[in-house]
Structure formats: C-alpha cells, structure tokens
Amino acid sequence: MRKHAESRSIGTPRTGSTALLLGTLAVACTALCPALAAAGPPSRHGIGLQQGWVPVAWSPDGGRLAVTRWDRAGLWTVETDSGRLETVSLARGAGFEAVWWEDRLLFKEVEPAGSGEPVQRVVRVETSTGVRKILAEGPRVGNPSVSRDGHVVWTEDRTLVVRAPAGDERRLQLPVYCNLAVVSPDADRVLFNDDDGRIGVLDLRDDSRRFLTGPGAHFRPTWSPSGTRVAVSAPEDRVLVFEAATGLLLAELDGGNPRWSGTGERLFLERPATDGPELVDSAILVLDLELGRLETLDVPAGVLPRHPLPSPDGSSLTAVDAVTGDLLVGAFGRTAWLAALRVLREGRGLPEAEEPPVGRSKGPVVSMPYMHQLWDTPDTFNGNWSCGPTSCVQTTQRYARLPDHDITCSWPSSHVSPWGWYIPNLYSFGGYTYDVWGNAAGGARVQGAHGFICRDLGAAYWAYMVDFMNRHGLTSWQAGTSFSTLVSEVDADYPMVASTNVLGSGHIIVFKGYETDHSIVVNDPYGDANAGSWGDLRNGEGAVYDWPGYNNGHVGISVSQLFGAQGVVPARPPVLELRTAIDDIAGQERDFCRLYESESRFDMNVGQTTVQRLYVANTGESAAVNVVVGVWLEAPYLRLTRWDIYDNWPEHTCGAEWCPNDANDHPENPSHDDPGAEFRLHLNAFSPGETKMIEATVEAAAYSVGLVDHPDVRLWVAHVDDYYEKADFWSTDYNNVGGYQTFNGGDLRIWTETDVLDVESCNGLDDDCDGATDEDVCAADGPADAGDETLDAADAPPSEDAPVADVPGSETDVVDAGPDVIYVYVDDGCGCRAAGRSSAAWAAWLPLALLAVLRRGSRGGRRRAPPP
C-alpha cells in the first residue's frame with residue numbers, strides 16, 4: 001500500500017494548489033491501493049472514506065457532539081467527556097447539517113416510500129427527554145436552520161417557511177426548491193440557491209434579493225457568528241468568503257468543509273494533498289478574517305484529518321481521521337491541535353442506519369450502457385485510476401461509436417465485457433491511433449483510452465476527456481456546473497460526464513438523469529457509493545446521488561465540472577424473433593398419445609393435414625433487409641404440401657389481420673406446392689415492428705413413433721444484410737454482427753415436434769397409441785398384448801437422447817444430439833420444443849431400444865437425432 005510518510009511536518013501549507021491542480025485535471029479515483037495481485041482482483045480505493053464518523057455540530061454548552069456516519073445516514077450524540085453514544089435518528093439524511101438550539105436538535109429525515117416519492121420531514125428532538133416533534137412533512141422538504149433567538153427556517157418545495165419562537169409563521173416564495181435555506185444569526189436574512197447554483201441573500205425585512213456568486217454548483221452557505229460574512233463551498237474544491245452586506249469577495253481558498261468558530265471570525269477548512277490521483281495528506285487551515293491571516297495547523301503524525309469542527313468556545317477541535325475513521329477531539333491552540341488529543345469514538349463497527357430510499361419521483365433518465373472501471377476491464381489491468389476513461393468510453397457507447405471487442409472478465413463473477421478492452425489497449429478509430437502511454441494504478445504504463453486521457457499524471461485531464469469524446473464523433477465541451485445545464489441536456493436525451501468528489505475522492509462519473517428533488521441518476525464506474533462497499537460490486541448503473549447542497553438521503557457529492565456529450569444515437573438495428581404455432585385438427589385432441597415419450601407433443605394420424613405457422617418478427621428500430629430463412633421437414637414422416645407468406649404491415653389494404661406478402665412471388669423461392677423437404681425462402685425486407693408469417697400446410701405421411709425422434713419442422717434465419725449469416729440449421733459458427741440478435745442466444749432457429757400415428761396392423765407395435773398392441777388384426781397365435789399398457793422390449797421406444805449403436809443390416813445411424821438444453825420462444829402450448837431433456841433417466845431403455853430397432857428395421861425407418 002502506498003502510505004503517507006511516517007513522520008512529516010504539516011506546519012506549513014502544502015506546495016502546489018489544489019484549486020490550480022483541479023483547474024486542468026480531475027483528480028480521478030483517489031486511490032490508496034496496492035498493485036494488482038495475480039491471484040485476485042484489484043483492491044478498491046478510498047476505503048478509509050467508507051467508514052467512521054463525521055462530526056456535525058457541537059451542543060451550545062460543548063458537552064455533547066452531534067455526529068453521523070460517513071454516508072450522512074443516522075444521527076447520534078456523543079458526550080465529549082465519556083464518549084457515551086445516544087441514538088437520535090436512524091433515518092437517511094438525518095446527519096446532513098443538523099443544528100442545535102438549546103438542548104434541541106433539528107434535522108431532516110428521509111423515509112423510503114416504496115415505488116413513490118420518499119417522505120421527507122423536518123424533525124425536532126429534545127435530547128434531554130427524547131421527545132420528537134415533526135415540524136413539516138412532504139415530498140420535498142428542506143433542512144432546517146435556526147437563528148440565535150430560535151427562529152426556525154425550512155423550505156417546503158419552493159416555499160420558504162419562517163417560524164418565530166412564539167409559533168407565528170411567515171411564508172415566502174423562492175425561485176426553485178432549495179434544500180438548505182440558512183437563516184442569519186439575527187434572523188433578518190436567509191441564504192438560498194437557485195437552479196444555476198447561485199447563492200443569494202433574501203432580506204426578510206423587505207423581501208429584497210441579491211446574489212453573492214455567479215452560476216455554478218455552489219452549496220452549503222454558512223454565516224459567520226456575527227452575521228457579517230458568508231462562506232460558500234464552490235466548484236473545484238474551493239471555499240469563497242464574502243462580505244454579507246456588500247457581496248465583496250474577501251477570500252478564495254483551496255479546500256472544503258468550511259466551519260466557523262463559535263467565537264470570533266475564524267473559518268476552519270480542510271485541504272487534501274494528492275500525489276497524482278492518490279490522497280497522501282490532509283491539512284486543517286484556519287482563516288482569521290480579523291487579522292487577515294491564513295494558518296495551517298500542526299497535527300499528530302500519521303493522522304489525515306477531515307471535517308474539522310471547532311467547539312463553541314473555540315478551545316477544542318474535533319475531526320475524523322481518514323485513515324481509521326476515528327472521531328478525534330483535542331485542545332486547540334492558535335497553530336496546533338496536539339494537546340490532550342484522544343479518540344472520542346472509534347471508526348469501526350458503526351451502528352446500522354436505514355437503507356437508502358428507493359422510491360423516487362420519476363424524472364427523465366437517458367438510456368445508455370454501463371461499464372465498471374475494475375470489473376469490466378481486463379483481469380491483468382488495475383483500473384483503480386481509470387474512472388475518467390471508463391466514463392468517457394461508456395458515454396461514447398451511448399452512441400455506439402466503437403465496435404464490440406469482447407473480453408471475459410473474472411470478477412465479481414465471470415462475464416463478457418464488450419468495451420473494457422479499449423481502456424488499457426492500443427487501438428485505432430477514425431484515422432487516429434490511441435498509442436499515448438499513460439500511468440495507471442500499480443505502476444503500470446498503458447495505452448488506449450487510459451493512456452490518452454490520463455497521460456503521465458495518471459489522473460484524467462479535462463481537456464483530454466473532451467478531445468477523446470470529440471475524436472469519437474461526439475460534440476463535447478466544458479459546460480460549467482449548473483444544475484439547469486444538466487436538466488437541459490438530459491431533457492434533450494444527452495448524458496453528461498462529470499468531474500465530482502464522492503466520499504472525499506476525486507472521481508469522474510456519468511450523469512444521466514435527475515429528479516425533481518435534485519437527486520441525480522448516475523452511472524458510477526466504481527459502483528454505488530450508497531452501498532457501503534464502494535468498488536466491491538458492479539452496481540454503479542443507475543446509482544442515485546444528491547446534487548451539491550441537497551439532502552434526499554443519498555450520498556452527497558460536489559461537482560467541479562460538467563462535460564457535454566452530444567451525439568446521434570443510431571437507430572436500433574433490426575432484431576429478429578421467431579415463434580411457431582400449430583392449428584388444431586377438428587374433433588381431435590392436440591396430444592392424444594401420451595405413451596412412448598409422446599406426451600406434450602402434437603399428434604397426427606397418417607393422412608391428416610394441419611397448418612403450421614412460422615413467424616419472423618422485426619422488433620428493432622430499423623429495417624431488416626433481404627431476409628432469407630431456411631425450412632426443413634423430417635421426411636418421410638412429414639410432407640409440406642403448400643406454403644404462403646403473409647404479413648401484418650398496417651398499411652396493407654386487404655382488410656384482414658394478415659395479408660399476402662410480396663415475397664410470395666420472389667423468383668428464387670420454390671414452388672408453393674410440394675416444394676420438397678428442405679428449401680430456402682426469401683422474405684424480402686421487414687419494416688420495424690413488422691411480422692411475416694409462413695403458413696405451411698403439413699401432411700402426416702408415415703408412422704414415426706419409435707422409428708425416429710418426434711419429426712420436426714425446422715426454421716432458421718440464413719441471412720440478413722449486414723447483420724446475420726447462418727449456413728444451415730445445425731451451424732454453430734453463425735455471424736451475429738454486433739451481437740444484436742439475442743433470440744435463443746443469437747442462434748436464430750426454432751422448430752416444432754410432431755408424432756405421427758397409424759391404424760393398427762399386425763406388426764408388434766401399438767400403431768394407434770391406445771395402449772394395446774395388434775388388437776383384432778393378427779391371427780390367434782400371433783403376437784398379442786391386448787389391454788396391457790406395460791411396455792415390453794418390442795414396444796419400448798429407444799430414447800431420443802441415449803446413443804443408439806449401429807445394427808448390421810439396419811438403416812439406423814448415430815447423429816450427435818448436441819447440448820441438452822435449448823431455449824426457444826414457443827407460442828404454442830403443444831408440439832413445440834422448449835427445452836432439452838435429461839438422458840440419464842432413459843439409460844435403462846437402451847437394451848430394449850436395440851431390440852426395437854431390430855424388430856422395426858423392415859419398415860425402412862431412419863432414426864435421426866433431435867435438433868442440436
């Protein structure tokens with residue numbers, strides 16, 4: 001594992017500016033991981049950020065600390081002297097920006113609600129008694145804030161609610177739903193945001209409004225204790241500090257998680273330090289606005305402090321150690337956090353909270369494929385640093401730009417990945433060869449998408465992500481960080497690539513949808529960060545996170561840059577599906593023979609005819625051109641006496657559901673009457689949604705039971721221009737271009753099975769399948785078995801799956817039966833093979849089968865294997 005130095009000085013600011021670094025690249029997939037081991041999958045990154053506590057707020061007297069889990073699920077209090085833990089709420093979102101007023105905690109809960117919208121509520125809990133009171137409830141209710149004198153402010157959709165200590169309420173309208181409206185200490189102003197991400201000030205005295213920031217994903221505005229200054233978290237991991245009265249920008253700092261000290265005008269924030277894409281250090285900075293001084297605290301060696309939170313009197317500081325997840329507290333001096341430092345709560349073994357909400361409002365979501373940077377790339381490649389390339393490749397595949405290059409990936413279970421090969425391997429596309437070498441996790445040097453986008457730094461450069469997508473036929477650009485931009489792109493059916501921070505890790509993901517509550521639907525190439533095992537599972541498709549500053553019970557993220565990814569989605573290729581049906585014979589059961597494996601097959605008597613219908617449907621979104629199918633009947637048992645082709649094209653004018661198709665007259669098709677036992681039919685083109693039906697009149701020509709497996713009528717697709725080619729029914733090396741044909745696993749074939757019975761004759765067989773053999777047709781000394789339904793050696797049919805040995809003098813041969821299981825779509829309830837069957841149960845029939853073959857050889861039968 002790549003570790004920070006065991007002894008180091010962090011008494012001075014780190015060299016290099018995080019903000020400047022992020023101005024040219026996204027710190028992709030922060031990794032604290034070993035190199036790929038040959039014996040197993042790559043280790044996940046950021047594991048230290050998926051554990052431990054996060055301090056939320058000190059009680060006014062400093063005796064207790066409100067804390068939450070790393071995912072903001074649940075809310076607890078910890079006594080700062082004893083470390084005793086008390087549960088306040090186990091709900092999702094309860095730990096996001098909870099606030100104290102006297103001995104009361106005010107916070108927001110999100111409760112799942114099945115398939116509908118989650119229920120959101122504002123809750124007040126008296127921590128001394130545990131008494132709960134719900135202040136507001138609805139589908140979009142914002143986090144509460146409280147002034148020094150007890151005015152409570154929250155939002156209900158676009159309505160701002162201001163409740164005075166006496167219970168009087170005032171309601172004002174905001175431009176959008178704002179989750180965190182923060183009241184000033186003196187209760188005369190409220191900070192809010194709009195859909196462009198601007199932070200505004202609403203003056204409650206005259207309802208006037210003005211904005212402190214321009215557009216962008218600004219979030220978590222906070223008032224200084226005096227109410228004269230405002231700190232705002234900004235894109236690219238920056239903190240902005242404004243003079244509240246004038247809007248003057250006082251400071252722009254690299255860092256995050258800003259918190260004001262309870263005394264004076266001092267602002268605490270964290271500043272992570274990275275080496276390439278790896279988190280190697282984290283510092284605590286203190287900005288003293290009265291003195292105009294920025295200082296970096298000394299912290300104990302071996303600690304990576306995150307989420308600093310000063311006590312109300314400014315004498316103590318708490319933070320979480322990103323290495324262990326432990327909650328630390330200690331005395332605070334001007335430039336040091338060293339005295340009496342202790343672990344208040346260990347980071348392991350946190351209490352369980354409620355599951356993330358799954359019921360959401362149904363906003364638009366762009367349809368696109370998913371790729372995981374670890375589990376969909378080659379086994380020999382460690383994709384821990386490849387979130388940027390993986391996000392870009394899956395976005396290009398929204399528009400089907402790269403051809404499939406299937407590889408088998410072993411984890412979490414064996415599966416085929418069509419595009420993961422492109423991440424670390426050299427390839428050419430559009431006249432350009434992706435041969436740039438780039439650094440990857442584990443000390444590897446690779447080419448392909450990773451090398452092009454990440455180069456020597458190992459992290460994803462924004463400019464190269466844009467260049468990569470443009471070179472693959474998309475229109476891409478740096479699009480800012482406004483939620484309204486995301487809305488407009490998704491509404492136009494375009495996804496966006498995004499540079500974000502998830503659980504403290506710089507990370508590139510794909511935004512593909514949004515909800516009315518400002519939840520966002522993503523394809524996270526590292527998996528679902530809500531799941532608590534981020535990176536372990538291939539579960540990042542459709543993960544839901546919360547837009548910066550919003551709390552809907554999901555993991556909250558920050559956004560550093562959005563990237564446009566517009567393109568033309570090719571029409572879905574033609575996709576063919578097959579089915580069959582057999583017409584009833586008037587006055588006769590479909591399956592009147594239940595002996596000799598005939599049960600569940602369609603039965604006919606010699607001389608009878610029926611119509612078998614063979615359907616070919618185009619369920620795709622483009623035309624299937626020059627479709628050719630093969631037809632085969634098992635002679636001499638079945639004979640095709642007539643065929644015709646119909647279609648259900650809605651513009652036909654014959655007035656019936658099915659009308660004759662022009663393929664009936666194709667010059668290369670055989671004669672309609674008696675075309676033979678095997679032939680091909682040209683079906684011409686299929687419009688999207690069109691189905692063609694081959695109506696085949698089939699005659700039962702010869703007795704079959706025991707002489708052959710159930711005689712087949714077989715259909716297979718032989719050719720579709722540009723998409724499919726199959727030589728014959730049995731071929732396994734068919735060409736399924738692009739893998740678009742999925743029916744029967746891409747093997748476009750189907751068949752029906754029929755048993756042909758006959759009138760009884762003196763031959764030792766039960767020709768009419770009535771359970772009696774040779775009844776009333778043989779002399780008195782001839783073979784007779786009247787009334788006996790128990791099979792003897794003469795009556796026992798050979799198994800259709802068990803091997804049959806060649807018998808001298810017979811016409812029986814052995815044909816490989818192929819796999820035991822075949823999946824086909826069957827429209828008919830009888831006579832159509834739907835699955836294979838086990839041969840083990842029929843092994844005992846083999847001696848009887850051989851005897852049956854000897855006795856029946858004179859009938860000239862030829863035993864064939866079932867379709868492979």
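Only heavy atoms go into these numbers, but all of them, side chains included; no hydrogens, no water, no symmetry mates. The shown structure was predicted, so the numbers you read here are calculated from the model rather than taken from an experiment.
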Straight-line distance of Y545 OH to S519 OG, nearest 0.5 Å: 12.5 Å

Between W658 and Y615, is the gap from one ring center to the other below 6.0 Å? yes

Taking the side chain as every heavy atom from C-beta outward, state whether V759 and D768 have any pair of such atoms under 4.5 Å apart. no

I need the full list of disulfide (SG to SG under 2.5 Å) pairs touching residues 599-632, with sequence neighbours left out, sorted by first then second residue. none

Let me know which of C392, S391, P525, P389 forms a side chain to side chain contact (heavy atoms under 4.5 Å, CB included) with I508. S391

Sequence neighbours excluded, the answer for side-chain contact (heavy atoms from CB on, under 4.5 Å) partners of D665 is none

With heavy-atom distances below 4.5 Å as the criterion, would you say the side chains of W547 and Y514 are in contact? no

Working for side chain to side chain donor-acceptor pair (under 3.5 Å), residues D196 and S484: CA-CA 6 Å; D196 286 326; S484 58; 2.4 Å; yes

Any donor and acceptor pair, going by atom type alone, linking the side chain of D546 with main-chain N or O of N552 inside 3.5 Å? yes

Side chains of D673 and T641, heavy atoms from C-beta outward: is any pair under 4.5 Å? no

Do M371 and W419 touch side chain to side chain, with heavy atoms closer than 4.5 Å? yes

Does R140 pair with D157 as a salt bridge, N-O distance under 4.0 Å? yes

Check side-chain contact (heavy atoms from CB on, under 4.5 Å) between P403 and all other residues, then give those that pass, not counting sequence neighbours. Y422

Partners meeting salt bridge (charged side-chain N to carboxylate O under 4.0 Å, His left out) with E699 (sequence neighbours left out): R639

Tell me, do Y724 and L748 make a side-chain contact under 4.5 Å, heavy atoms counted? yes

Classify the side-chain pair H652/D647 by whether it contains a donor and acceptor separated by less than 3.5 Å. yes

Sequence neighbours left out, what passes side-chain hydrogen bond (donor to acceptor under 3.5 Å, both in side chains) with Y432? Give chain and number order. none

Non-neighbouring partners of S687 that pass side-chain hydrogen bond (donor to acceptor under 3.5 Å, both in side chains), sequence neighbours left out: none

Does any pair with a residue in residues 662-754 pass disulfide (SG to SG under 2.5 Å), and if so which ones, sequence neighbours excluded? none

With side chains defined as the heavy atoms from C-beta onward, is the minimum distance between W751 and L614 less than 4.5 Å? no

Taking atom types as modelled, find out whether D662 and N684 have a side-chain donor-acceptor pair closer than 3.5 angstrom. yes

With sequence neighbours left out, the residues meeting salt bridge (charged side-chain N to carboxylate O under 4.0 Å, His left out) with R572 are none

Is the distance from the ring center of H472 to that of F429 below 6.0 Å? yes

May I ask you to check whether N530 and H554 show a side-chain donor-acceptor distance below 3.5 Å? no

Under 3.5 Å side-chain donor-acceptor pair for S731 and D728: yes

Side chain S476, main chain N470, donor-acceptor under 3.5 Å: no

On the six-membered ring of F602, is R590 placed so that its NZ or CZ lies under 6.0 angstrom from the centre and within 45° of the ring axis? no

Approximate separation, where rounding is to 0.5 Å, of E678 CD and E634 CD: 11.5 Å

Check: H666 and N669 side chains under 4.5 Å, non-hydrogen atoms: yes

Sequence-distant partners of P570, side-chain contact (heavy atoms from CB on, under 4.5 Å), two or more places apart: A400

Suppose we screen for side-chain hydrogen bond (donor to acceptor under 3.5 Å, both in side chains). Which residues come up paired with T697, at least two apart in sequence or across chains? none

Result for side chain to side chain contact (heavy atoms under 4.5 Å, CB included) between T395 and one of L474, N523, T390 points to L474

Quick one: pull up NE2 in H719 and CG in D722 and give me the separation to the nearest 0.5 Å. 7.5 Å

Would you call R601-D591 a salt bridge at under 4.0 Å N-O? no

I need the Y646 OH to C654 SG distance, nearest 0.5 Å. 9.5 Å

Apply side-chain contact (heavy atoms from CB on, under 4.5 Å) to residues F511 and T500 and explain how you reach the verdict. CA-CA 10 Å; F511 290 177; T500 71; 3.8 Å; yes

Is it true that K726 and D733 make a salt bridge, defined as a side-chain N closer than 4.0 Å to a carboxylate O? no

Between the main-chain N or O of V756 and the side-chain N or O of S704, is there a donor-acceptor pair closer than 3.5 Å? yes

Going by heavy atoms in the side chains, are E489 and K512 under 4.5 Å from each other? no

Does a side-chain N-to-carboxylate-O contact under 4.0 Å join D583 and R613? yes

Taking the six-membered ring for Trp, are W643 and H672 parallel (under 30°), tilted (30 to 60°) or perpendicular (over 60°)? parallel

Is a donor on one side and an acceptor on the other found under 3.5 Å between the side chain of D712 and the backbone of R714? no

Hits for side-chain contact (heavy atoms from CB on, under 4.5 Å) against Y740, two or more places apart or cross-chain, chain-then-number order -> P573, Y723

With no hydrogens and no angle check, do the side chains of E690 and N648 hold a donor and an acceptor under 3.5 Å apart? no

Of all heavy-atom pairs linking A701 and P636, the shortest is CB-O, 3.2 Å

Which of D524, D528, D376 passes salt bridge (charged side-chain N to carboxylate O under 4.0 Å, His left out) with R538? Answer is D376

Distance col, row I407:CD1 vs C409:SG, nearest 0.5 angstrom, shows 4.0 Å

Run R398 and S367 through side-chain contact (heavy atoms from CB on, under 4.5 Å) and show every step you take. CA-CA 8 Å; R398 150 75 174 161; S367 175; 4.3 Å; yes

Once the angle between the rings of F729 and W716 is folded into 0 to 90°, is it parallel (under 30°), tilted (30 to 60°) or perpendicular (over 60°)? perpendicular

Side chains of D603 and S598: donor-acceptor distance under 3.5 Å anywhere? yes

Hey, what do you get for CH2 (W632) to CZ (R680), rounding to the nearest 0.5 Å? 15.0 Å

Whether the side chain of Q588 engages the backbone of I585 through a donor-acceptor N/O pair (distance < 3.5 Å, no angle test) should be reported. no

Check for a donor-acceptor pair, side chain of D404 on one end and backbone N or O of D406 on the other, with a separation under 3.5 Å. no

Which residues pass the side-chain hydrogen bond (donor to acceptor under 3.5 Å, both in side chains) test with Q612, not counting sequence neighbours? T752

Just checking, is any N or O donor in the side chain of E577 or Q741 under 3.5 Å from an acceptor N or O on the other one? no

